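Below: one structure, written as structure tokens.
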2 protein chains.
Amino acid sequence: MADGYHHGNLRAAVLERAAEVIEREGPYSFSLRSLAADLGVSHTAPRHHFGSREGVLNALAVEGFRDLAARLRADREAGGGFLEAGVEYVRFATDRPAHFQVMFAPTLLGEGDEELEAAREAAFAELQGGVRSLAEEGRPVEDGAAAVVAGWAIVHGIATLALTGNLDRSGVRRLFEDTDLLTITRRSAGLLFGPVSGPSGGVPGTGSG
Amino acid sequence: MADGYHHGNLRAAVLERAAEVIEREGPYSFSLRSLAADLGVSHTAPRHHFGSREGVLNALAVEGFRDLAARLRADREAGGGFLEAGVEYVRFATDRPAHFQVMFAPTLLGEGDEELEAAREAAFAELQGGVRSLAEEGRPVEDGAAAVVAGWAIVHGIATLALTGNLDRSGVRRLFEDTDLLTITRRSAGLLFGPVSGPSGGVPGTGSG
DNA sequence: CCGGAAACTTACCGGCGTACAGTTCGAGTC
DNA sequence: GACTCGAACTGTACGCCGGTAAGTTTCCGG
């Protein structure tokens, strides 16, 4: 494969390295040229596989949406329930921070990429399906639409704040001492759709007056 | 002031235009050179006021943190309660989307800027103060640390998802028909720290969709 | 052995951020 | 009114960047 002229596996190598760079320095300083130089190919080589810089980011987003959808699906099939799906969402964000950033930053991506649209829709379908399963958990969902937004927003918010370092920077993280981020997620999201047991663990204000 | 050579108010003009560009095209395509050309000055003129491209973004972030802190403070002094503080957070994000983006994207900003650190800390202090005021609303807060994270995350998540267009793109927005984003915020965050059934800040008629 | 397609190269363009050495202008000073 | 000084702004130059075009190398099916 790698014969000195043909890299042999350039597409995968570019995606992997791009994710590393973006994770370390953010999407702004990610450059095709320095990436290509690192991989020992000319700066136009990646263009053959991705078309453009935007194409690389699109491909990362596709990877990300597919992985996220697969994780949510697996979680649902394992009967993890909604809370664990939310935890999985945050776990995905911390496992693949570069993908997560790119997926939700539309100004980095191009429009009209069918592969991307399909991957995104599939992931979003899993997301909403997860929230709808709340009803099947025997929990009363009075305002279903609000529950979808609240569930998504709380895990997306935790993921975003953690990834941007603002949880640490704000001192909020210190309130938890050494607690793991996923545990923090469970406790926080649990306030919304808390563990059924325990009178105070559920949604405040719904049970008592 | 503006004598053909000296712009007279370049600093403010740059910040205003930068916010417009970032709001429209995101922080990644924002360029000092095109900005300067738009304002009719040489491309090195902004450097005198901001030092670098990063300096412009830092200045935007400072503006943003100060505005956010002022809004939260005003809201607290008006006795709005926590839920309304959260709504104000989302309102800020939609009012000043460029500032919001830059404030929470540390890879766009420099480190060690004292003005920025001070503005950020002040805003974060207001945020945490708002959540602590929950106790004063007569609501039992069993896991205070989790409540802080949950409250911040849910409004930050809504703001982020809305600003990146993912609320619309995912179809979630459609569940609410023509409902205003701030109302969506009230209903969703209300699931966490539900509307006080008393007179203080409750939003009547937001249940059941 | 051959021809086409895929993978990759070199050469080039304009735009970008930044550095540095000037230039213009208002305001204060004698 | 000339002199100075600092703030604001200009012009030029450098290297990196993404994108384009034309050419080269290698693989592979016939």
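Predicted model, so just to flag it, every value in this text is computed and none were measured. Here is the naming used below: chain letters follow the sequence lines, and residue numbers restart at 1 for every chain.
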Task: Test: A/R186 and A/E84 ion pair at under 4.0 Å - done: yes
TODO: For B/R11 and D/dC9, give me the distance from atom CZ to atom P, rounded to whole Å.
DONE: 12 Å
Task: d(CZ, A/F30; P, D/dC17) in whole Å - done: 11 Å
Task: Length of the line joining A/R33:CZ and C/dG15:C1', which is rounded to integer Å - done: 12 Å
- [ ] Establish whether the base of D/dG19 is bridged to the side chain of A/H43 by a donor-acceptor pair shorter than 3.5 Å.
- [x] yes
TODO: Can you figure out which of C/dC8, D/dG18, D/dA8 approaches the side chain of B/H48 most closely?
DONE: D/dA8
Open item on the list: Checking contacts here: which listed nucleotide (C/dC16, C/dT9, D/dC9) is nearest the side-chain heavy atoms of A/V41?
Closed with: C/dT9
- [ ] Figure out the CD/P separation between A/E25 and D/dC16, and round it to whole Å.
- [x] 16 Å
TODO: Indicate whether the side chain of A/S31 and that of A/S34 have a donor and an acceptor atom separated by less than 3.5 Å.
DONE: yes
- [ ] Check if the side chain of B/T44 and the base of D/dG11 share a donor-acceptor pair of N or O atoms closer than 3.5 Å.
- [x] yes
Open item on the list: Does any part of the side chain of B/R11, heavy atoms only, come nearer than 4.5 Å to the side chain of B/E16, both counted from C-beta?
Closed with: no
Open item on the list: Side chain of B/H7 only, heavy atoms from C-beta on: which candidate in C/dC16, D/dC9, C/dG17 is closest?
Closed with: D/dC9
- [ ] Could you tell me whether A/S42 contacts a base, only the sugar-phosphate backbone, or nothing, with contacts defined as non-hydrogen atoms closer than 4.0 Å?
- [x] base
TODO: Would you mind checking if A/D67 and A/R71 are paired as a salt bridge, meaning a charged N to carboxylate O distance below 4.0 Å?
DONE: yes
TODO: Establish, with yes or no, whether the OP1 or OP2 oxygen of C/dC8 is under 4.0 angstrom from a side-chain nitrogen or oxygen of A/H49.
DONE: yes
